[in-house]
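Below is one structure; the comments refer to it alone.
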Amino acid sequence: MDIKITKTTAPKPIPKDDSKLGFGRVFSDHMFIMPYDRENGWHNAEIKPFGDISLSPAAMVLHYGQEIFEGLKAYRTASGDIQLFRPEKNFERLNVSAKRLVIPEIPVEDAMQALTELVKLDKDWVPHSDGASLYIRPFVFAVDPFVGVRPGDYYYFIIITSPSGPYYSTGLSPVGIYVEENYVRAVKGGMGYTKTGGNYAASLAGQDEAHKQNFSQVLWLDGVERKYVEEVGAMNIFFVIDDEIITPVLEGSVLPGITRISAIELCKKWGYKVTERKISIEEIARAHNGGALKEVFGTGTAAVISPVGVLKWGDNAMTINDDKMGDISKKLYDTLTGIQYSKIPDDMGWVRKIKF
Ligand SMILES: *Cc1c(COP(=O)(O)O)cnc(C)c1O
């Protein structure tokens, strides 16, 4: 794929203090953009200065939400290399989302090339400090100026990048999560397994309720019986009960996280018993009452591993592992971030170094 590159003539100052970056507010100097139409397919790939785009107010995405996205990071190692973590998986998943939302797929190698060229051009925007990274947001949406319901004929594929500090301002201390019993995020047959804005729109009311009650995130239950645990906000969820590590099985309503599958693969390699199955909130409460619930943690690109210290289900506020990070959570966090920043050998072959 040919990519036309136009460099900015007005580079922005690169933030010096990574600890003040936060998440998703600062953007690097350039973006990738590629339009699609029925006649030409994906064409005119371009990297240009980050800036506003122009859309018709009738653009289809604004009315019926035909949009998909991905989220991954570029990490700077101590020796100065810049690298990605299993990025092909993100673009394979983008195409799974594309199919579900009737959006034309993008060849994985073209998406990888776009991403690599963009990160190379904005390499100085990859933060230097531990835990900080360049967050990468690829997304695709329909732009036809048409207020009617059908799949679009015109799309944009855009990649923007954002230097980000460690995800949780409180660091790795456990989070409190709230079990949502009213609202649901997704159902089997819906779009739960895709990364699309619509799933997040569906989650906002529950998230708002959780915040009002001083919990940072929502634990979603299944949409049919409100009984089985699905996932947390933008993370998959794991429970350690006695010596079994359990995570909800993927049946269409749960997002197949890349951190999730990586955690499963590592735990299996370490000899733990890992089970993907249905797990009810009653089973978790019972295990907690009986002292068998050892650890609960979320997995996702943004936070990597997020220990859960308190799980609030109705009137039952369960404190887990004394509100401290557990051993398995810690081992996973250290190993995943160790591999991502090349502090330990990449035995799994997960890292893709960017070649300059
Ligand atoms: C992105 C996302 C995750 C985590 O996936 P990773 O690939 O591990 O980052 C989990 N749940 C939802 C709803 C998500 O959108």
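Note that ligands are numbered from 1 as they come in the structure, with each ligand's atoms numbered from 1 the same way.
Side-chain N/O atoms of R25 and S162 include no donor and acceptor closer than 3.5 Å. Side-chain atoms of S164 and S133 include no donor-acceptor pair closer than 3.5 Å.
Here R93 has side-chain heavy atoms under 4.0 Å from ligand 1, and that is the only part of it that gets that close. In T259, the parts holding a heavy atom less than 4.0 Å from any atom of ligand 1 are both the side chain and the backbone.
Per-residue contacts place M235 under 4.0 angstrom from the following atoms of ligand 1 (heavy atoms of the residue considered): 10 (C), 11 (N). Each of the following atoms of ligand 1 lies closer than 4.0 Å to a heavy atom of K195: 1 (C), 2 (C), 3 (C), 14 (C), 15 (O). Of all atoms in ligand 1, listed by their number and element, those nearer than 4.0 Å to a heavy atom of Y200 are 12 (C), 13 (C), 14 (C), 15 (O). Those atoms of ligand 1 with a heavy atom of E231 less than 4.0 angstrom away are 10 (C), 11 (N), 12 (C), 13 (C). Here is the list of ligand 1 atoms found below 4.0 Å of a heavy atom in G257: 5 (O), 6 (P), 7 (O), 8 (O).
In summary, the aromatic rings of Y200 and F69 are positioned with their centroids under 6.0 Å apart.
By the 3.5 Å distance cut-off applied to N or O atoms, N236 is not counted among the residues near ligand 1. Remark: ligand 1 and T301 share an N or O pair separated by less than 3.5 Å (distance only, no angle test). The shortest N/O to N/O separation between I258 and ligand 1 falls below 3.5 Å. The shortest N or O to N or O distance between R185 and ligand 1 is not below 3.5 Å.
Side-chain contact between I264 and I245: absent, with no pair of heavy atoms (C-beta onward) separated by less than 4.5 Å. Taking 4.5 Å as the limit, every side-chain heavy atom of P248 sits out of range of all side-chain heavy atoms of E230.
Listed here is the closest heavy atom pair of E295 and I328: OE2-N, 2.9 Å.
Residue contacts with ligand 1 include A234, since one or more of its heavy atoms lies under 4.0 Å from the ligand. Residue G233 places a heavy atom less than 4.0 Å from ligand 1.
A chain of hydrophobic side-chain contacts below 4.5 Å, direct or via other Ile, Leu, Val, Met, Phe, Trp or Tyr residues, connects F356 to F32.
Residue F157 holds its CZ atom at 14.5 Å from OH of Y36, rounded to the nearest 0.5 Å.
Comment: E244 engages R277 in a salt bridge, judged by a side-chain N to carboxylate O separation of less than 4.0 angstrom.
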